[in-house]
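Structure first, then comments.
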Amino acid sequence: MSISSEHKPLGKQVTGSLHTLSPIVELNVGGEMYTTTLSTLKKHPGSKLAEMFTGQPKLRTDSEGRFFIDRPGTYFKYILEYLRSNQVPTQCIQDVYKEALFYDIEPLIKQLEDSPQIFGEMVARRQFLARVPNYSENIELMIRIARAEAVASRQSSVIVCVVRTEEDAARCQDALNSLDTDKKSVVKFGPWKAVPSISDLLDCIQMDVEAKGYKISFQPHVAEKGFRFKSHDFFYKFLFTWW
């Protein structure tokens, strides 16, 4: 079967000025198809999205001549709905926020940052974790230890020491020295100067490790040797389940 000469090849570069385009625009955003107007796309002149459709063409087209944007198409509908009606999305907030940042739609970014989900993550949780020394590095260290111990096992464990104050850190030192003598790896979090408790930090650790695709749980770690305090006040065992 012959191919029509009017069929446009994949990835054709648009020529000419966008000023000559029809006011109706067809888009292919990551495989999702949308139809809208130039005026809607250019509603916020300072945005990256408006810039895509201003002046000389900056986008390629798919085989049907639709402008192609290599972003998740699922969430573009929320971006488009905001541009059309100023309706701030109430679903998929985190994902829509990422897209709003990419398209640089400043009014939407600011409104999403006021939502409980983004506010809680950015202002509350992230600000807390920024006060926990080496938090991100310790998360990666936990994962490396768990992976190293996972050979021919369904689960591997990582001992975590969590101390909120300098006094707690001093009380734990004997236990840490003992575990080190026994050649047991321990990842130490804290101390920190912020309101959240040890329980709050444990929840954050689990949340951030799970966000990387791992299945984990934790429980108090009871030391085999006696210490001058209850070890489960500061020591926890994180279990990674592999299958």
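Numbers here simply count residues along the sequence, with the first being 1.
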Rounded distance [0.5 Å steps], CG in L176 versus OG1 in T181: 10.5 Å

Return the set of residues passing side-chain contact (heavy atoms from CB on, under 4.5 Å) with S39 (not counting sequence neighbours), or none when no residue passes. T37

Could you go through the side-chain contact (heavy atoms from CB on, under 4.5 Å) check for L202 and Q206 one step at a time? CA-CA 6 Å; L202 291 169; Q206 181 171 11; over 6 Å; no

Looking at residues at least two apart in the chain, or sitting in another chain, which of them share a ring-ring contact (aromatic ring centres under 6.0 Å, His included) with Y78? none

If you look at every heavy atom in L239 and S157, which pair is closest and at what distance? CD2-CB, 3.7 Å

Identify the heavy atoms of A146 and W242 that sit nearest to each other, and give their distance. O-CZ2, 3.7 Å

For P133 versus P191, what's the shortest heavy-atom pair and its separation? CD-O, 3.2 Å

Residue list, side-chain contact (heavy atoms from CB on, under 4.5 Å) with T36, at least two apart or on another chain: L27, T40, L41, L80, R84

Those residues that, when tested against F68, pass ring-ring contact (aromatic ring centres under 6.0 Å, His included) (two or more places apart): none

Do the numbers put R71 on top of the ring of F102, so that NZ or CZ is under 6.0 Å from the six-membered ring centre and no more than 45° off the axis? yes

Hey, could you give me the CZ/CD distance between F76 and E99, rounded to the nearest 0.5 Å? 9.5 Å

Between K188 and G190, is there a donor-acceptor pair closer than 3.5 Å when you use the side chain of the first and the backbone of the second? yes

Salt bridge (charged side-chain N to carboxylate O under 4.0 Å, His left out) filter on D208, not counting sequence neighbours, yields R125

Option passing side-chain hydrogen bond (donor to acceptor under 3.5 Å, both in side chains) with Y82 (candidates Q111, K43, Q87): Q111

Are any non-hydrogen side-chain atoms of L108 and P89 less than 4.5 angstrom apart? yes

Contact between L49 and L83 at the side-chain level, heavy atoms closer than 4.5 Å - yes or no? yes

Got a donor-acceptor contact below 3.5 angstrom from the D180 side chain to the N177 backbone? no

Within one Ile-Leu-Val-Met-Phe-Trp-Tyr cluster: I105 and L101, side-chain cutoff 4.5 Å: yes

Whether W243 side chain and S153 backbone form a donor-acceptor pair below 3.5 Å: yes

Applying ring-ring contact (aromatic ring centres under 6.0 Å, His included) to F218 and not counting sequence neighbours gives F238

Whether N134 side chain and N138 backbone form a donor-acceptor pair below 3.5 Å: no

Are the side chains of V96 and I79 in contact, using a 4.5 Å heavy-atom criterion? yes

In this structure, CD1 of I24 is separated from OG1 of T35 (nearest 0.5 Å) by 8.5 Å

Heavy-atom closest contact (Q117 atom, Q94 atom, distance): O-NE2, 3.7 Å

Mind listing the closest non-hydrogen atom pair of F235 and I159 along with its distance? CD2-CG2, 4.1 Å

Is there a path of hydrophobic side-chain contacts, each under 4.5 Å between heavy atoms, that joins M122 and I93? yes

With A148 via side-chain contact (heavy atoms from CB on, under 4.5 Å) - residues at least two apart: none

So, using ring-ring contact (aromatic ring centres under 6.0 Å, His included) as the criterion, who are the partners of Y75 when residues are at least two apart? none

Closest contact, heavy atoms only, C204 versus F128: SG-CE2, 4.2 Å

Which residues share a salt bridge (charged side-chain N to carboxylate O under 4.0 Å, His left out) with E140, sequence neighbours left out: K212

Assess whether atom CG of D70 is packed by more than 12 heavy atoms of other residues, nucleotides or ligands within 6.0 Å. no

Under the criterion side-chain contact (heavy atoms from CB on, under 4.5 Å), I'd like the reasoning laid out for M142 against Y214: C-alpha separation, chi angles, the key distance, then a yes or no. CA-CA 11 Å; M142 284 180 61; Y214 296 92; over 6 Å; no

Holding to salt bridge (charged side-chain N to carboxylate O under 4.0 Å, His left out), I want the full list of residues that pass it with R147, two or more places apart in sequence or in another chain. none

Going from CG on L201 to CE on M207, what distance comes out if it is rounded to the nearest 0.5 angstrom? 11.0 Å

Is the shortest heavy-atom distance from the side chain of W192 to the side chain of R164 under 4.5 Å? yes

What's the separation between atom NZ in K42 and atom CD in E51, rounded to the nearest 0.5 Å? 12.0 Å

Is any side-chain heavy atom of Y103 less than 4.5 Å from a side-chain heavy atom of S47? no

Flag the pair S199 / D203 as yes when at least one side-chain heavy-atom distance between them is below 4.5 Å, and no otherwise. yes

Taking only residues two or more places apart in sequence or in another chain, which ones pass side-chain contact (heavy atoms from CB on, under 4.5 Å) with V123? F119

Under the salt bridge (charged side-chain N to carboxylate O under 4.0 Å, His left out) rule, what pairs show up with a residue in residues 23-36, not counting sequence neighbours? none

For a 4.5 angstrom cut-off between non-hydrogen side-chain atoms, does I205 reach Y135? yes

Report, as yes or no, whether the 6.0 Å neighbourhood of atom CD on E137 holds more than 12 heavy atoms from other residues, nucleotides or ligands. yes

To the nearest 0.5 Å, tell me how far F240 CZ sits from E210 CD. 9.5 Å

Any side-chain heavy atom of Y97 sitting closer than 4.5 Å to one from S115? no

